[in-house]
Structures are given as C-alpha cells and as structure tokens.
Protein chains: 2
Amino acid sequence: MPRPQDPVELVVLSVLAHEPLYGYAITKRIETRSSGELAVGPGVLYPLLKRLERDGLVAATWDAVRSDRAAEEPSPGRRRKWYRLTPKGQRRLHQHIGAHRARVRLIEAFIGPGPAAQEESA
Amino acid sequence: MPRPQDPVELVVLSVLAHEPLYGYAITKRIETRSSGELAVGPGVLYPLLKRLERDGLVAATWDAVRSDRAAEEPSPGRRRKWYRLTPKGQRRLHQHIGAHRARVRLIEAFIGPGPAAQEESA
DNA sequence: TCCAATATATCGGTTCCAGATATATCCGTC
DNA sequence: GACGGATATATCTGGAACCGATATATTGGA
C-alpha cells in the first residue's frame, strides 16, 4: 500500500499559520479539519515539533494550566506548550505549498490530470 | 526542505502501464516524461524493481542482447531485464492514483485549493 | 472512586530515498 | 585498434521520516 500520510510537516505548519496551538490541540485540529481522515499520533507529532522548534520554524511557550482546587498546591498542574509560527516557519510553509503544487503537476505528467477542472455544478 | 520526490513507485508503475521497459529505459523515460525534473537513480530504481517483482506487481524477463560480432562467443553479451505490469500491478497503480488524489484533496483541505480550476486561455 | 480524556514525551522498528561504488558491455571516435 | 563515454544491472550504507507501543501525569465527569 502507498504511504497514506506523508506531508505531516506541511499540515502542522498550516494549522499553526491560523493561530497558536499546543500539541494536543494540533492533533485534534488536524483530525477535525481532515474529517477524521488524518490522525497524527504523539509519536509523530512531538518529534516533529521538537525538530521544528530546534530549526526555528516554530517558537514555543509553556503555559501552566492549573485547576482551581490545585491552584494553591505545590503540584505543577497540567502544563501546555503553545507553539506559534515564526517568520521562518511561514516561509517554510510557502515552500511546502509550492513544492506540493509542483509535485502534483509532476505526477499528473505521468497519470494525467485529475478530476479538478470540472465544475461542481449540481 | 520538503522531500522533493516521494512517489517513485507510482511513477515507475505508470510508465510500465504503457509498455514493458527495462531498468535503464525506465530511468530515461521518467527523465524525459518529467522534462528532467525527476531523476531516479539506480540506487532507487533497482531495489524498487526487486521489491515490485517479489510482490508480484511486475514480471521480469531476461533478454540477451548480443551484438553481431559477439553472437558466437561464450560471453553472455549485454543483458536486459524487461519489466511488465501484472494485473496485480495494475490494481496497485490504480490504488496509487486514488491515494494520490485523496492526498491532494486532503492537503487542499488545509492549504486551500490550488490554481487548477483556471482555464489556460491565451 | 474509578475511568476516560487530556497532555507531553521517548523508543524501536520499518520503509524509503539518496549517493557512492562495483561490474560489464556496446559503440562511436580518434 | 585503442580509448572513453554511454549503456545496463546491482549492492551497500547512511539518513530521514512515519508508525505503533509505551510511559507518566493531570483533569473532570459518571
């Protein structure tokens, strides 16, 4: 079988282009945006985010989300790491989009144009 | 940078769908068909063909191409391994095409539709 | 009180692409 | 006739990415 989901980096960058999100929210956002077709597990997402942060494509900020009853306790509470796109990440996203379009044109040179030109008239 | 060329298997199957070819001819065919954009080196092609043959997606036949002056000699002469698509390989190709179209739709759900709907009117 | 959902993170296996290397033959040129 | 470039097949090694499993801890509802 062909690899089902390859361009995870493009997808993650594109959802972060709209607004900052934390890791788990990125997962859920991708699921809803793709109507459940694309599921990015933690084993894929977190190494990817780590790499994106290392390369300066995203910037991250910790946010301590503590419940009301835990607000006074020494426990660190639930923590969220918010990721936002840097200008470098935006450029990378545009590179991705360009590469995607080029890839589509390339493949269509072999398999013929897809059913994209037809107007969706009811 | 995004991975430039991913769907090598799809491309190889698609060129074999038109006619049987031997390995080196596949390389050249892909280069001409893609206007030089896609180059599949031997380090990619031959392991791929081996896997495709093992999985029954292509069938191979050796062809001894001997020159006139070498026709009588014990030397094996130049050999070509012709690959042709099996029915299973044709089904796989259609799977690939379907998966490609689905992948394009999926990505467009994140980055918006590409410039495909516009007519190329001069 | 228990359990599912939330939230982050790592590890190992698999697959694939890419470049380098190896071997051998054919053909045009000098 | 010798040489080199194109033809032709093949392996190896490294790197990058995806995937599933696993681990830990918190939160909130039944």
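Order of the sequence lines fixes the chain letters, A, B, ..., with proteins taken first and strands second; residue numbering starts at 1 for each chain. Only this structure's heavy atoms are used, side chains among them; waters, hydrogens and symmetry mates stay out. The shown structure was predicted, so the numbers you read here are calculated from the model rather than taken from an experiment.
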Can you measure [X] atom [atom1] to [N] atom [atom2] for me and round it to whole angstrom units?
X: A:R103; N: C:dC17; atom1: CZ; atom2: C1'; result: 13 Å
X: B:E9; N: C:dT15; atom1: CD; atom2: P; result: 12 Å
X: B:W82; N: D:dT7; atom1: CH2; atom2: C1'; result: 13 Å
X: B:I26; N: D:dT7; atom1: CD1; atom2: P; result: 15 Å
X: B:L45; N: D:dA8; atom1: CG; atom2: P; result: 13 Å
X: B:E53; N: D:dA10; atom1: CD; atom2: P; result: 8 Å
X: A:L38; N: D:dC18; atom1: CG; atom2: C1'; result: 12 Å
X: B:D63; N: C:dT25; atom1: CG; atom2: C1'; result: 14 Å

query: Looking at A:R80, does any N or O in its side chain come under 4.0 Å of the phosphate oxygens OP1/OP2 on C:dT6?
result: no

- prompt: Between the main-chain N or O of B:L57 and the side-chain N or O of B:T86, is there a donor-acceptor pair closer than 3.5 Å?
  reply: yes

query: Heavy-atom contacts under 4.0 Å between residues 14-24 of chain A and DNA chain C, which residues?
result: A:Y22, A:G23, A:Y24

B:V58 versus B:L49, closest heavy-atom pair with distance: CG2-O, 4.3 Å

statement: Closest heavy-atom pair, A:T27 versus A:V40, reported as atoms and distance to 0.1 Å, is CG2-O, 3.4 Å

Residues that A:F110 engages under ring-ring contact (aromatic ring centres under 6.0 Å, His included), provided they are two or more places apart: none

query: Linking I/L/V/M/F/W/Y whenever any side-chain heavy atoms sit under 4.5 Å apart, do B:L52 and B:L38 land together?
result: yes

Tabulate atom names and distances for all N/O pairs under 3.5 angstrom spanning the protein and nucleotides 11-14 of chain D.
{"unit_1": "D:dT11", "atom_1": "OP1", "unit_2": "B:K50", "atom_2": "NZ", "d": "3.2"}

B:R29: side-chain hydrogen bond (donor to acceptor under 3.5 Å, both in side chains) partners, not counting sequence neighbours: B:E19

- prompt: Residues in side-chain hydrogen bond (donor to acceptor under 3.5 Å, both in side chains) with B:R51, at least two apart?
  reply: B:E9

- request: Would you mind reporting whether A:H18 and A:R33 have side-chain heavy atoms less than 4.5 Å apart?
  value: yes

- request: Keeping to residues at least two apart or across chains, list the salt bridge (Lys or Arg N to Asp or Glu O under 4.0 Å) pairs with something in residues 52-62 of chain B.
  value: B:E53-B:K81

statement: Walking DNA chain D from its 5' end, the first of B:K28 and A:R51 to be reached, judged by nearest nucleotide, is B:K28

